[in-house]
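For ligands, and for the atoms within them, numbers begin at 1 and follow the listed sequence. As the structure is a prediction and not an experimental result, all values here were calculated from the model.
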Amino acid sequence: MLEDVTVQIIGAGLAGCEAALQCAKHGVSARLHEMRPDVQTEAHRTGDVAELVCSNSLKSTEPGNAHGLLKAELGIYGCVLLECTERTRIPGGKALVVDRQRFSAEVQSALDDAGIEVVREEIKEIPDKLAIVASGPLTSPELADSLTGLLGVKRLFFYDAIAPIVAADSIDMNVAFAASRYGVGQDYLNCPLTREQYDRLVNELLEAELHPMKDFEERCLFEPCLPVEELARRGKETLAFGPMKPVGLVDPKTGKRPFAVVQLRKENAEGTMFNLVGFQTRLKRSEQKRLFRMIPGLDKAEFLRFGSMHRNTYLHGPEVLLPTLQTKVRPDLFVAGQLTGVEGYVESIAAGLVAGINAARFCKSEDLVQFPEQTMLGGLLKYITTPNQEFQPMNANFGLVPVLKQKARGKEKRRLLAERALEAAGQDRSHLNGDEI
Ligand SMILES: Cc1cc2nc3c(=O)[nH]c(=O)nc-3n(C[C@H](O)[C@H](O)[C@H](O)COP(=O)(O)OP(=O)(O)OC[C@H]3O[C@@H](n4cnc5c(N)ncnc54)[C@H](O)[C@@H]3O)c2cc1C
């Protein structure tokens, strides 16, 4: 055991609080440093710990749903914030919806009970001793500079223009065809559109319902990442000459170049997930489903991640992080939460749990733990730390875990994947100390 060590945790958001509580659970002292309420972010409104910045829903609790499965695994691994959600839950159907003020108060009281101090100060420099950086997607600029300097990366990614991702087995391969432009490979799937289909899609894009933008988000819009609906607004043909251009592509079914295409690019090495290239969007989720299912080949698309746009500070995980959530440059420096490249409340809590457990183990000179790849948690960690030039933030989804040996589709596939994940998590006690089992 490193003598008298306290783990310094920057940010008392979802990940930071979970990490601190895991340290305490594992017998190691932790201190949180939180800049609010003195210094606010663009999205937070209070000085509360674990403030939910937007929705008060933490999504599904059904294990057959990726977010539900992640929660079930976190339950097995002893997640404290999940317990706080249960105590502050309000009716919301199958979704885990909480009273946000009571949830923050519950987390505060868990911190108090564990003797964890929350120091109200903005940290501008990465500490030179054991620490967890959990400062989130709205990390203050000076801290972000200090982190990039230390990690030796040119920049953090400052803006998220996220395109939707669909499950590979929900793409109709009788319509889509595999080809790269000018016949130099088959890396992309291409959904071909006729002039009529293209016009209909563009018209719908012009009419569709959008998420309203906050001021700071409008300032963040920049040319290379314009949302697809914004491109449509610039002119009827803009998309046909932009992300939907068909040049160098021939549809093998017609032997002709289509009028336009939507290209789908593999999102993981296994090829279970594909993203819609250039289709970053602010459309409401229901609209994304409706419109993007109009694309030939995607009429039954299962959306694993919806498109979104907001300011986001995140690391290029594959370059700088290990699956233990240690930084590659400094084994005593951990990263947690959305900063790691995961996306979403529960995913951020999950990354806090991993960093907290491992920082505590580091402190006690114990082996650090990794999580089984069959689990949603293991799949997420693998995704954010596996080399990937096109790396973008990722939420929980079934494309992250290895494919099943047996053939199954839809609900049955998800049920089997969930069963396998929970069995793996149940058997995986490596995160516990022998005496806790
Ligand atoms: C505008 C917006 C809306 C979102 N809406 C949703 C949603 O509805 N559902 C969903 O699942 N996900 C949503 N997310 C994504 C994400 O899940 C949340 O941002 C989540 O809170 C991330 O958890 P975190 O612990 O990594 O960061 P946070 O919860 O943001 O915690 C980070 C903490 O660090 C503090 N901090 C930052 N810099 C410093 C510093 N230098 N010194 C000290 N403290 C510092 C911040 O004040 C903050 O309290 C949203 C993100 C954004 C930006």
Task: Reference residue Leu325; test side-chain contact (heavy atoms from CB on, under 4.5 Å); the match among Asn358, Val335, Thr340 - done: Thr340
[X] neighbourhood, listing ligand 1 atoms whose heavy-atom distance to it stays under 4.0 Å:
X	result
His33	43 (C), 44 (N)
Lys59	11 (O)
Gly136	26 (O), 27 (O), 32 (C)
Ala15	25 (O)
Glu122	41 (N), 42 (N)
Gly337	26 (O)

Can you find an N or O of [X] that's nearer than 3.5 Å to an N or O of ligand 1?
X	result
Gly16	no
Met35	yes
Ser140	yes
Thr41	no
Val53	no
Ile123	yes
Gly344	yes
Glu51	no

Open item on the list: Using 30° and 60° as the class boundaries, would you call the ring planes of Phe292 and Phe303 parallel, tilted or perpendicular?
Closed with: tilted
TODO: Measure up the Phe362 and Phe334 rings against each other and bin them: parallel (under 30°), tilted (30 to 60°), perpendicular (over 60°).
DONE: perpendicular
Task: Side-chain donor-acceptor contact under 3.5 Å, Glu62 with Ser60 - done: no
Can [X] and [Y] be counted as an ion pair, charged N to O under 4.0 angstrom?
X	Y	result
Glu302	Arg414	yes
Glu204	Arg200	no
Glu34	Arg120	no
Arg233	Glu229	no
Asp169	Lys413	yes

Task: Under-4.0 Å heavy-atom contact with ligand 1, by part of Ile10 that carries it - done: side chain
Open item on the list: For Ser57, which part has a heavy atom under 4.0 Å from ligand 1: side chain, backbone, both, or neither?
Closed with: neither
- [ ] For this output row, return yes or no: ring centroids of Phe371 and Tyr77 closer than 6.0 angstrom.
- [x] yes
- [ ] Give a yes/no on ligand 1: does Gln40 have at least one heavy atom closer than 4.0 angstrom to it?
- [x] no
- [ ] Test Glu287 against every option in Lys284, Arg290, Lys289 by the salt bridge (Lys or Arg N to Asp or Glu O under 4.0 Å) rule and name the one that passes.
- [x] Arg290
